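Quick note: numbers below take in every heavy atom, side chains included, and nothing from hydrogens, waters or symmetry partners. These figures come from a predicted structure and were not determined experimentally.
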Amino acid sequence: MRRFFGSTESRALNPIDPSVVLTIRWLAISGQLMALIFTYFVLEFDLPLIPALIIIGLSVLMNLWQNRQAKDDTGLVEQNLLALIFDILQLAVLLFLTGGLLNPFSVLLLAPVVVSATMLRRRATLVLILTVAASVSVLALYNYPLPWGQDTVNLPGLYIAGLWLSLMLSTIFIGGYVWWVASAARSLSEALSEAQLAVAEEQQAVALGSLATAAAHKLGSPLNTITVISHELSREITEDDPIYEDIQLLRAEAERCRVILGSLEDYKSQSKPDFETELPINVLIEDLLHERFDAGPAEVIVTHDAASMDEVPVATRRAEFIQAIEDILQNAHQFARTQIIVHIEWSLEDIHISVNDDGDGFKPSILSRAGQPWNSSRVGQSGHRGLGIFIARTLIQSIGGSVAFGNGKNGGGEVKVSLPRSCF
């Protein structure tokens, strides 16, 4: 049994705004420079000033390079990751020149990890945690000691090991905790965005429903006039008249419009559609084909996977389902060449219906926005507005189902509907 496809989207994280990174780094550079100058000239610590200034100068060059690269939106995540790795290594070298882990500013090694955990992917944060761990391990063993003057400071190795362990654990804990909190916030934000999108689509559907009701009310009078005139014309024109068939077609189309408008009234007066007679799902669709579709160039084939009719799930003529399937089949009729295949599959909880035509299939530009209103390759042609598929998707979702769009393996457009059995 085939598996029905669905749209799975990987959670894409927004890269850090380059301007924010650049601003933070300029502030860091200014702070490093002021701290170095204050320590060397005011506190009169004998520090390797020139090498330290060179390291700070490298940060300036890095900032200028990233400012130039920020104009290109591609690869921002990779650029930000490299920049944060550089920040860790640059600060580690400065600490190496100024006392190692005994330098009170060694805690700033946590800053790039926090930034990454907030904005970048988990893998990037793990890379930065490993970079900090390696830097802290080197600084614990190798560094230029701070010149404390005449007083000699001999700290036990156990204290240095404690500093190393505290920085290691702090990096892992803070990085992991901040990433978890940021991930939860991103999930909440995505859920809110999806809810807002669903509300907007529901509002569109309600607006379309109101327009449909108003249109049905206004179409009643002109449709009656067309019906009366077509009947009178059919009486006055004989069968051998060249326009006799056109008059008959006009009468048939007017009658079809009357049936459609009548179905709107039926749905409006239907208080408990679930209490209607239950039919096997394939029989229900075949009845729909006989009632709503005239014989056309495309043959419709209904298939299912059951070995016997007893296994076929039953369904009621729920108005939302009938209208949605009719819109999907109507769309397939308009694009099919010779054949439309309606295939039904089911599980213990769900029913899956696929409609596959042998036309040209969905264009990539249309498929990327499939199910959205005003999305059709024929908008403006012969009254097409690209609303049929949108209405079908909205109706299916309103009863707890889902719709997926694609192109079949053998070509042609393919629409797959998944519905819970409980909706009937």
Can you check whether [X] reaches [Y] side chain to side chain, under 4.5 Å on heavy atoms?
| X | Y | value |
| --- | --- | --- |
| Leu141 | Trp164 | no |
| Thr131 | Leu84 | no |
| Thr118 | Trp179 | no |
| Asn356 | His343 | no |
| Lys416 | His352 | no |
| Ile160 | Leu102 | yes |
| Leu53 | Leu33 | yes |
| Arg121 | Leu81 | no |

Please report the interatomic distance [atom1]([X]) to [atom2]([Y]), rounded to the nearest 0.5 Å.
| X | Y | atom1 | atom2 | result |
| --- | --- | --- | --- | --- |
| Leu95 | Leu139 | CG | CG | 5.5 Å |
| Leu289 | Ile301 | CG | CD1 | 11.5 Å |
| Asp358 | Phe335 | CG | CZ | 13.0 Å |
| Gln397 | Leu419 | CD | CG | 11.0 Å |
| Arg251 | Ile247 | CZ | CD1 | 9.5 Å |
| Thr316 | Ile322 | OG1 | CD1 | 8.5 Å |

Exercise for the section: Would you indicate whether Trp180, at its atom CH2, is surrounded by more than 12 heavy atoms from other residues, nucleotides or ligands within a distance under 6.0 Å? Expected result: no
Practice task
Please say whether more than 12 non-hydrogen atoms of neighbouring residues, nucleotides or ligands are located less than 6.0 Å from CG in Leu158.
Solution key: no
What residues, two or more places apart in sequence or in another chain, satisfy side-chain hydrogen bond (donor to acceptor under 3.5 Å, both in side chains) together with [X]?
| X | result |
| --- | --- |
| Ser30 | none |
| Thr225 | none |
| Ser59 | Gln90 |
| Glu286 | none |

Exercise for the section: With sequence neighbours left out, write down each residue that passes salt bridge (charged side-chain N to carboxylate O under 4.0 Å, His left out) with Asp87, or none if nothing qualifies. Expected result: Arg25
Looking at every heavy atom in both [X] and [Y], which two are closest together, and how far apart are they?
| X | Y | value |
| --- | --- | --- |
| Thr227 | Ser230 | O-OG, 2.8 Å |
| Ala140 | Leu101 | CB-CD1, 3.7 Å |
| Ile399 | Cys423 | O-CB, 3.4 Å |
| Leu97 | Ala52 | CD1-N, 3.9 Å |
| Leu109 | Val132 | O-CG2, 3.7 Å |
| Ser354 | Glu414 | CB-OE2, 4.3 Å |

Non-neighbouring partners of [X] that pass side chain to side chain contact (heavy atoms under 4.5 Å, CB included), sequence neighbours left out:
| X | answer |
| --- | --- |
| Ile54 | Ile50 |
| Ala182 | Arg186 |
| Tyr244 | Ile237, Glu239, Asp241, Gln248 |
| Leu108 | Leu91, Phe105 |

Problem - Derivation of the side chain to side chain contact (heavy atoms under 4.5 Å, CB included) call for Glu299 and Thr338 - result: CA-CA 6 Å; Glu299 177 187 10; Thr338 61; over 6 Å; no
Exercise for the section: Indicate yes or no for a side-chain donor-acceptor contact from Arg317 to the backbone of Leu279 under 3.5 Å, with no hydrogens or angles considered. Expected result: no
Problem - Backbone N/O of Pro112 and side chain of Ser116: donor-acceptor pair under 3.5 Å - result: no
Practice task
Would you check, one step at a time, whether the test side chain to side chain contact (heavy atoms under 4.5 Å, CB included) holds for Ile389 with Asp327?
Solution key: CA-CA 7 Å; Ile389 291 297; Asp327 287 341; over 6 Å; no
Practice task
Using the side chain to side chain contact (heavy atoms under 4.5 Å, CB included) rule, take Ile285 and Ile353 through it: C-alpha gap first, then chi angles, then the decisive distance, then the call.
Solution key: CA-CA 10 Å; Ile285 293 177; Ile353 303 170; 4.0 Å; yes
Pair up each side-chain donor or acceptor in residues 167-175 with any protein partner under 3.5 Å, not counting sequence neighbours, and list the distances.
{"unit_1": "Ser170", "atom_1": "OG", "unit_2": "Ser166", "atom_2": "O", "d": "2.6"}
{"unit_1": "Thr171", "atom_1": "OG1", "unit_2": "Leu167", "atom_2": "O", "d": "2.7"}

Practice task
Please report the C-alpha distance between Ile226 and Glu253 in whole Å, then the side-chain angles of each, then the deciding distance to 0.1 Å, and finally whether the side chain to side chain contact (heavy atoms under 4.5 Å, CB included) criterion is met.
Solution key: CA-CA 10 Å; Ile226 294 172; Glu253 292 298 317; over 6 Å; no
Completion exercise
Phe96 meets the ring pair (Phe, Tyr, Trp, His ring centres under 6.0 Å) criterion, sequence neighbours left out, with Tyr144
Practice task
Just do the salt bridge (Lys or Arg N to Asp or Glu O under 4.0 Å) check on Asp360 and Arg337 with the steps written out, would you?
Solution key: CA-CA 9 Å; Asp360 295 329; Arg337 294 191 181 95; 2.2 Å; yes
Problem - Donor + acceptor pair across side chains of Asp350, Ser418 (<3.5 Å) - result: no
Fill in the blank from the handout: For residues 223-238, the salt bridge (Lys or Arg N to Asp or Glu O under 4.0 Å) pairs (sequence neighbours left out) are none
Practice task
Please work out whether the ring planes of Trp346 and His304 are parallel, tilted or perpendicular, with thresholds of 30° and 60°.
Solution key: tilted
